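Right, one structure below, let's go through it.
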Amino acid sequence: MAESEAWREKAARIRSVVRRVPRGQVATYGDVAEAAGEDVTARQAGRALKGAGGAARLPWHRIVAAGGRIALPGDAGLEQRMRLEAEGVPFSGRRVRIETCRWKQAD
DNA sequence: GTTATGACTCGTA
DNA sequence: ATACGAGCCATAA
């Protein structure tokens, strides 16, 4: 099997967290990982989103790296930035102003 | 089994 | 600001 049972559930939790991120706000991989569970790391958050984009109704574009940096390479990164700007997420150069639009679990 | 790679983060230079 | 290394973990070769 390419995906173990444990990983599949972990990935499901991660996607579920991402799905709760409201429009106009963003979260970091670390934030998603922490919200998804204590056994989840930032790398796993990114891994779970890889391939999930486009395949599911997932606001993958609201997930950025620490400090509001866009981690997604190539055209996908440009699209992410475009989508975020379309939602009213403030940018500072090539970074998101994470301090002003960072999502907290406490809605 | 090992090695390399990547949507991670942090510390140090 | 950029560059590198260490720790981290799943996949691919």
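Just so it is clear, the values below take in all heavy atoms, side chains as well, and ignore hydrogens, waters and symmetry mates. Worth saying up front: this structure is predicted, and the values here are computed from it rather than measured. Sequence lines set the chain letters: A, B, ... in the order given, protein chains first and strands last, and positions in each chain run from 1.
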Separation of [N] [atom2] from [X] [atom1] (nearest whole Å):
X	N	atom1	atom2	answer
A:Arg8	C:dA10	CZ	P	15 Å
A:Arg62	B:dA7	CZ	C1'	17 Å
A:Arg13	C:dA10	CZ	P	12 Å
A:Ile14	C:dC9	CD1	P	13 Å
A:Arg47	C:dC8	CZ	C1'	14 Å

Exercise for the section: From the options B:dA7, C:dC8, C:dT11, select the nucleotide whose nearest atom is closest to the side chain of A:Thr41. Expected result: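 Of the options given, the side chain of A:Thr41 lies nearest C:dC8.
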Handout entry: Phosphate-side-chain proximity, A:Gln44 and C:dC9, N/O vs OP1/OP2 below 4.0 Å
Key =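 For A:Gln44, the contact criterion (side-chain N or O under 4.0 Å from OP1 or OP2 of C:dC9) is not met.
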Problem - C:dC9 phosphate, OP1 or OP2, under 4.0 Å from A:Trp7 side-chain N/O - result: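 For A:Trp7, the contact criterion (side-chain N or O under 4.0 Å from OP1 or OP2 of C:dC9) is not met.
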Exercise for the section: Mind running a 4.0 Å heavy-atom check of residues 76-101 of chain A against DNA chain B and sending the residues that fall below it, in number order? Expected result: none
Side chains of [X] and [Y]: does their closest heavy-atom pair fall under 4.5 Å?
X	Y	result
A:Val26	A:Ile98	yes
A:Leu49	A:Tyr29	yes
A:Arg102	A:Asp31	yes

Nucleotides 9-13 of chain B: which of its N/O atoms have a protein N/O under 3.5 Å away?
unit_1: B:dT9; atom_1: OP1; unit_2: A:Gly30; atom_2: N; d: 3.3
unit_1: B:dT9; atom_1: OP1; unit_2: A:Ala66; atom_2: N; d: 3.2
unit_1: B:dT9; atom_1: OP2; unit_2: A:Ala66; atom_2: N; d: 2.7

Exercise for the section: Enter the distance from A:Leu84:CG to A:Gln25:CD here, rounded to the nearest 0.5 Å. Expected result: 12.0 Å
Problem - Distance, nearest 0.5 Å, that separates NE2 of A:His61 from CD of A:Gln80 - result: 8.0 Å
Problem - Over 12 foreign heavy atoms within 6.0 Å of CD, A:Glu87 - result: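 Atom CD in A:Glu87 is packed in, count exceeds 12.
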Under 3.5 Å, sequence neighbours excluded: what are the donor-acceptor pairs made by side chains of residues 11-20 of chain A?
unit_1: A:Arg13; atom_1: NE; unit_2: A:Ala36; atom_2: O; d: 2.8
unit_1: A:Arg13; atom_1: NH2; unit_2: A:Asp39; atom_2: OD1; d: 3.2

Practice task
Determine the Euclidean distance between corresponding C1' atoms of C:dA13 and B:dG1; express it in Å to zero decimal places.
Solution key: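 Between the two C1' atoms, the distance is 13 Å.
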Practice task
Provide the distance between the two P atoms, one in B:dA7 and one in C:dG7, to the nearest whole Å.
Solution key: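 It works out to 23 Å between them.
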Practice task
May I ask you to decide if A:Val21's main-chain N or O and A:Arg62's side chain share a donor-acceptor pair within less than 3.5 Å?
Solution key: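 Such a contact is found between A:Arg62 side chain and A:Val21 backbone.
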Problem - A:Arg69 versus A:Val64, closest heavy-atom pair with distance - result: O-CB, 3.5 Å
